[in-house]
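As the structure lists them, so they are numbered: ligands from 1, and atoms in each ligand from 1. Owing to the predicted nature of the structure, the values given are computational and were not obtained by experimental measurement.
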Amino acid sequence: MEHADIVILGAGAAGLFCAGSALGQGKSIIVIDHAKAPGEKIRISGGGRCNFTNMATAYDRFLSENPRFCASALARFSPGDFVTLIDRAGIAWHEKTLGQLFCDDSARQVVDMLLTRMRGAELWLQTTVDEVCPDPDGFRITTSRGILLARRVVVATGGRSIPKMGATGLGYDIARQFGLSLIEQRAGLVPLTFAEQELQLCRPLAGLSVEAEVSTGSGKNRRSFSDGFLFTHRGLSGPAILQISSYWKPGEQITVDLAPGIDAGARLRAARGEHGRQTVARAISAWLPSRLADSIIADCGLTEARLADQNNAVLDRVAARINSWTVRPVGSEGWRTAEVTLGGVDTRELDARAMQARKVPGLYFIGEVVDVTGWLGGYNFQWAWASAHAAGLAL
Ligand code: FDA
C-alpha cells in the first residue's frame with residue numbers, strides 16, 4: 001500500500017497546474033490519470049495552439065448557479081500571472097482577438113511547461129481509479145496500480161465533453177458519494193442542430209461563414225454574441241453559435257443578425273431608388289456572400305425578383321430575414337463535440353478560497369468538474385489555472 005500527502009485525480013489543465021502550485025515543504029504528490037498522456041485537451045485546444053487565457057477575464061464571463069463564486073480564485077491568479085509563467089518558459093505567444101492569447105507555435109509547449117513546473121510530483125498515467133473512500137487518516141483510493149492512502153484528494157477529472165478523449169463522470173460520482181449536491185450537467189460551447197426545414201437551408205451553405213450577431217432569451221436574460229457564424233451539414237456552428245449555445249435552453253429560439261451594423265431595410269430601399277432593375281439577390285450580395293443572398297431570396301420566394309417591383313412591405317420582410325432571422329434549434333451536437341460541460345459540483349458545497357468541500361475536509365474540486373463554465377476564448381483554461389492555484393496553495 002502506498003501513501004501520499006496529496007493525490008490529484010486527473011492530469012488535465014487543472015490537475016497539472018495544481019500539482020505545480022502545491023509543491024514544496026516536502027509534500028508527496030501523486031497525479032493519477034487513466035489516459036496515456038497528460039493534458040490531452042490542452043494539446044488539441046485552440047486548433048493546436050492553445051488559447052491559454054483571456055486578458056478580459058472577469059467573473060461575469062462565466063456561467064454558474066452561483067455567479068460570483070469564481071471571482072475570488074480569478075482575482076488571486078490572473079491572466080497576467082499565467083502569462084508570466086509562459087514568458088518564463090520562453091513560449092512565444094500572440095493576442096488573436098478579444099483578449100484571446102495563443103501560442104505562436106504549439107499547445108504542446110504549454111503541456112511541457114506544466115510538466116516542468118510540477119517536477120517533484122509523481123505522475124501515474126494509464127491508471128484507473130475505481131473508488132475513493134474515507135479513511136481514518138484521510139482517503140483510501142483503489143486504483144489499477146493498487147491501493148493508495150492520501151491525506152488530501154483533489155478531484156480534477158474535468159467534465160463530460162468528448163468521451164473519446166477520456167472524459168468520464170468520475171468527479172461527479174465522487175461528489176455524490178460524499179453527499180455533495182450537483183448542478184445538472186449539459187453540453188456547452190457546442191454546435192446547434194436543426195429540424196429538416198432549417199437543414200434544407202443550412203446544407204447547401206455548409207462551409208460558408210459570415211460575421212453575425214446571435215441572441216437568445218429576453219429582458220435581463222437576453223444574451224448576444226457577435227462573432228464568426230458557420231453553416232454546417234448538421235445546422236449552425238462557429239464562435240457566435242458556440243457562445244450562445246451555453247445560454248440557449250431547449251425549446252427557445254435564437255435570433256441571428258446576418259449583417260450586424262447594416263440596416264438591410266434602408267439599404268434595399270436606397271438600392272431600389274438607384275438600381276431598380278437589379279434583382280433583390282444582387283443588391284443583397286453587395287454586403288453578404290452571394291450564395292447566402294441567393295438562399296435568403298429563395299427562402300423569401302423572390303428568386304429573380306427585381307427591386308423596382310417590390311413594395312416596402314416586401315423589402316421589410318427580406319430585411320427582417322437578414323437582420324433578425326429567428327430559428328429554433330432542436331438540440332445540440334452534445335458531448336461528442338462540446339468544448340465544455342455546464343453544471344457540475346454545486347459551488348455552494350465548496351469554500352471559494354481553497355475549493356475544499358465544506359462537509360468533507362481534505363476533499364477538493366477544481367477545474368471543469370465544478371459548476372463554473374467560461375465563455376469561448378481562453379476563459380475555461382484561466383478558470384482551470386486559477387481554481388487549481390487556489391487549491392494548490394491551500395493543500
Ligand atoms: P481536463 O478535461 O483538461 O482534464 C481532466 C483529466 O481527467 C483528463 O486528463 C482525463 O483523462 C482525466 N480523467 C477523467 N476521468 C478519469 C477517470 N475516471 N480516471 C482517471 N482519470 C480521469 N479552453 C480554453 O480556455 N481555451 C481553448 O483553446 C480551449 N479549446 C478547447 C478545444 C476542445 C476541442 C475542447 C474539448 C475543449 C477546449 N477548451 C478550451 C476547454 C478546456 O479544454 C477545458 O475547460 C479544460 O481542459 C478543463 O480542465 P480540467 O483539468 O478541469 O479538465
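Considering both main-chain and side-chain atoms, V369 never comes within under 3.5 Å of ligand 1 through any nitrogen or oxygen pair.
In terms of protein heavy-atom proximity, atom 15 (N) of ligand 1 is nearest to T168 OG1, 2.7 Å. Among all non-hydrogen protein atoms, the one lying nearest atom 2 (O) of ligand 1 is K41 CD, 3.6 Å. Residue, atom and distance of the protein heavy atom nearest to atom 53 (O) of ligand 1 are G158 CA, 3.3 Å. Closest to atom 4 (O) of ligand 1, if we only count protein heavy atoms, is G12 CA, 3.3 Å. Atom 9 (O) of ligand 1 has its closest protein heavy atom at D33 OD2, 2.5 Å. From the protein, the heavy atom lying nearest to atom 3 (O) of ligand 1 is A13 N, 3.5 Å. Protein heavy atom in closest approach to atom 27 (C) of ligand 1: F381 CE1, 3.6 Å. Closest to atom 31 (C) of ligand 1, if we only count protein heavy atoms, is E339 OE1, 3.5 Å.
Judged by distance alone, with hydrogens and angles left aside, the side-chain atoms of N54 form no donor-acceptor pair with the main-chain N or O of G378 at under 3.5 Å. In terms of modelled atom types and a separation under 3.5 Å, the side chain of R358 and the main chain of R348 share a donor-acceptor contact. Checking side-chain atoms of E368 against main-chain N and O of V340 turns up no donor-acceptor pair under 3.5 Å.
For the 3.5 Å distance criterion, the side chains of E349 and S181 qualify, holding a donor opposite an acceptor. Between the side chains of R76 and S72, at least one donor-acceptor pair of N or O atoms lies under 3.5 Å. When only modelled atom types and interatomic distance are considered, Q382 and T57 share no side-chain donor-acceptor pair under 3.5 Å. Side-chain contact annotation: R291 with S285, donor-acceptor N/O pair under 3.5 Å absent.
Per-residue contacts place A156 under 4.0 angstrom from the following atoms of ligand 1 (heavy atoms of the residue considered): 5 (C), 6 (C), 7 (O). Close approach of ligand 1 to G46 (heavy-atom distance below 4.0 Å) involves ligand atoms 28 (O), 30 (N). Under a 4.0 Å criterion applied to the non-hydrogen atoms of I44, ligand 1 contributes the atoms 34 (C). Of all atoms in ligand 1, listed by their number and element, those nearer than 4.0 Å to a heavy atom of N380 are 23 (N), 25 (O), 45 (O). For ligand 1, the atoms closer than 4.0 angstrom to any heavy atom of I162 are 36 (C). Numbered from 1 in the order shown, with element, the atoms of ligand 1 that lie under 4.0 Å from a heavy atom of G367 read 52 (O). Contact atoms of ligand 1 toward E368: 44 (C), 45 (O), 46 (C), 48 (C), 52 (O) (distance under 4.0 Å to a heavy atom of the residue).
With distances taken over non-hydrogen atoms, the option nearest atom 17 (C) of ligand 1 out of L376, V155, L170, T373 is L170.
Ring pair F381/W385 is parallel by interplanar angle, where below 30° counts as parallel and above 60° as perpendicular.
Both the backbone and the side chain of N51 come within 4.0 Å of ligand 1, counting heavy atoms alone.
Electrostatic pairing of R151 and D5 counts as a salt bridge here, judged by a charged N lying under 4.0 Å from a carboxylate O.
Enclosure of atom CZ in R306 by more than 12 non-hydrogen atoms of other residues, nucleotides or ligands within 6.0 angstrom is indicated.
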